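Notes follow once the structure below has been shown.
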Amino acid sequence: MKFNTKTIHGGQKHEEATGAVMPPVFLTSTYAQSSPGVHKGYEYSRGKNPTRAALESSFAAIENGTHGFAFSSGLAAIDCVLRTLSPGDEVIAGDDLYGGTYRMFTRLFKKYGLEFSFVDMNKVNNVTEAITEKTKLAWIETPTNPLMKIADIAAIASAIKDVNEAILVAVDNTFATPYLQQPLTLGADIVMHSATKYLGGHSDIVMGALMVKDAKLAEELHFIQFAAGAIAGPMDSFLALRGVKTLHIRMQRHCENGRAVAKFLENHPKVREVYYPGLENHPNHEIAKKQMKDFGGMVSFRLKDESKAAAFKFLENTKVFTLAESLGGVESLVNHPTTMTHASIPEPERLKIGITDSLIRLSVGIEDEEDLLEDLDQALNL
């Protein structure tokens, strides 16, 4: 199947009992057995639920994987990956990460004996030079949150495997979605999504996803998911599956509007710098063009007035863009990373990579382009 067809039919089958086109919401915790251990493939919903199973099959299909897993949040999915490691193991990660990922790495798993190196993944050599005999995982986020850096997934994965084939390569594909890039095809071992965002697409669920194509790794991840219990519920699974079915058409509009917003901001007199991989002056524009189908709906920019007051004035006065956490919904959102999504990163670390008080992140929705540009213009000119 081509991608647009996969979002609707990939991994799916009609419900057997009634022929229902969409899988029912199986609101059950347990399943009848005809004899101890004799059942119809379902015992207890922490291990497997038919609605979640339908979603997980869809997840696997759209990322060209063989196994998909739906978690109670994106962080729960990351937690599952880190639980494959042992105290003393090292993780190489990008220096520009979602604040919750950074917080989990440095304030939770570091306490349990894992070590983390943060490098600029714009350059492949920065990654390979950080590898030691203890390195077990490389964590790639591309495009990054919030500075929209681009890592060359294929080049990094190939270089890592040349050093040590046993090192796992995981990619947070939340910003790009499988519509724009498919890391498993580019050499990654694990793909992670905050399905709260574009996969769900309507700001009405919290969910995480993992996709893999190695059966042994899938077995390990499934055991951890089952044993730790951070599963997605059946109602959320139903909503996420409904969201996936329109992913391709939503992403087309997100990309169209994202390009328009980026170009508008690039030429605005109140804006100092725009971070969007679709702009030709983006330092990794050519890599983005190579590995992404389009450039997405996430745009960050910095005001010429570097004060927090100037940023707050803009943030408090948008009318179509809603000031809120999260991203990837049909509605446009605006975010202030230093006080919202990335507040958990210490200020010196934020400033070192460029997350300043004047940095603003936009999740460009699927509204009318003209309304979005007019809203940004009026808020910037107050």
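Everything numeric in this text was worked out from a predicted model, so none of it was measured.
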task = Could you tell me whether Phe312 and His336 have their ring centroids closer than 6.0 angstrom?
result = yes
Electrostatic pair Asp305-Lys313, nearest N-O below 4.0 angstrom = no
ask   = Between Glu141 and Thr144, is a side-chain hydrogen bond (donor to acceptor under 3.5 Å, both in side chains) present by the stated rule, with each step listed?
value = CA-CA 5 Å; Glu141 200 178 282; Thr144 63; 5.4 Å; no
query = When you look at NZ of Lys319, are more than 12 heavy atoms from neighbouring residues, nucleotides or ligands closer to it than 6.0 Å?
reply = yes
ask   = Going from CD1 on Ile287 to CG on Asn122, what distance comes out if it is rounded to the nearest 0.5 angstrom?
value = 7.0 Å
inquiry  = Under the side chain to side chain contact (heavy atoms under 4.5 Å, CB included) test against Glu90, which residue among Leu114, Thr135, Leu85 passes?
reply    = Thr135
query = Hey, which of Lys308, Glu347, Arg302, Arg350 is the one that makes side chain to side chain donor-acceptor pair (under 3.5 Å) with Thr356?
reply = Arg302
query = Partners of Asp152 by side chain to side chain donor-acceptor pair (under 3.5 Å), sequence neighbours excluded?
reply = Lys290
inquiry  = In terms of relative ring orientation, are Phe105 and Phe116 parallel, tilted or perpendicular, with 30° and 60° separating the classes?
reply    = parallel
ask   = How close do Val124 and Ala155 get, heavy atom to heavy atom, and via which atoms?
value = CG2-CB, 3.8 Å
ask   = Going from NE2 on His248 to CD1 on Ile62, what distance comes out if it is rounded to the nearest 0.5 angstrom?
value = 11.5 Å
With sequence neighbours excluded, residues passing salt bridge (Lys or Arg N to Asp or Glu O under 4.0 Å) with Arg52 = Glu56
ask   = For atom NZ of Lys110, is the number of surrounding heavy atoms from other residues, nucleotides or ligands below 6.0 Å larger than 12?
value = no
request  = State yes or no: are the ring centers of Phe59 and His67 separated by less than 6.0 Å?
outcome  = no
ask   = Hey, what do you get for CG (Asp375) to CG (Asp368), rounding to the nearest 0.5 Å?
value = 12.5 Å
task = Output yes when Arg253 and Glu367 qualify as a salt bridge under the 4.0 Å nitrogen-oxygen rule, no when they do not.
result = no
query = Does Arg259 pair with Asp294 as a salt bridge, N-O distance under 4.0 Å?
reply = yes
ask   = Measuring from Ile355:CD1 to Ser300:OG, what's the distance to the nearest 0.5 Å?
value = 9.0 Å
task = Verify side-chain hydrogen bond (donor to acceptor under 3.5 Å, both in side chains) between Thr341 and Asn335, making sure each step is shown before the conclusion.
result = CA-CA 8 Å; Thr341 52; Asn335 169 274; 3.3 Å; yes
request  = Kindly assign one of parallel, tilted or perpendicular to the pair His254 and Tyr198, based on the angle between their ring planes and the thresholds 30° and 60°.
outcome  = perpendicular
inquiry  = When you measure from the side chain of Thr101 to the backbone of Leu97, do you find a donor-acceptor pair of N or O atoms at a distance under 3.5 Å?
reply    = no
message = Are the side chains of Lys161 and Asp189 in contact, using a 4.5 Å heavy-atom criterion?
response = yes
ask   = Is the shortest side-chain N to carboxylate O distance from Glu266 to Lys263 below 4.0 Å?
value = no
note = Between Asp172 and Thr174, the two heavy atoms sitting closest are OD1-OG1, 2.6 Å
ask   = Step by step, would you call Gln378 with Asn381 a side-chain hydrogen bond (donor to acceptor under 3.5 Å, both in side chains)?
value = CA-CA 5 Å; Gln378 66 83 23; Asn381 286 321; over 6 Å; no
request  = Enumerate the residue pairs fulfilling side chain to side chain donor-acceptor pair (under 3.5 Å) with a member in residues 210-232, sequence neighbours excluded, ordered by first and then second residue.
outcome  = none
request  = Specify the closest pair of heavy atoms between Ser237 and Ala232, including all atoms of both residues, with the distance to one decimal.
outcome  = OG-CB, 3.9 Å
query = So Lys197 and Ser194, side-chain hydrogen bond (donor to acceptor under 3.5 Å, both in side chains) or not? Walk me through it.
reply = CA-CA 6 Å; Lys197 315 307 195 291; Ser194 173; 2.8 Å; yes
query = Is it true that atom CD of Glu133 has more than 12 heavy atoms of other residues, nucleotides or ligands lying nearer than 6.0 Å?
reply = no
request  = Hey, could you give me the CZ/CD distance between Phe264 and Glu374, rounded to the nearest 0.5 Å?
outcome  = 9.5 Å
Phe226 six-ring face occupied by Arg46 cation (under 6.0 Å, within 45°) = yes
task = Please confirm whether Phe301 and Phe314 have ring centers closer than 6.0 angstrom.
result = yes
query = How long is the gap from CZ on Phe3 to CG on Asn64, to the nearest 0.5 Å?
reply = 9.0 Å
task = Check whether any side-chain heavy atom of Tyr31 lies under 4.5 Å from a side-chain heavy atom of His39, and answer yes or no.
result = no
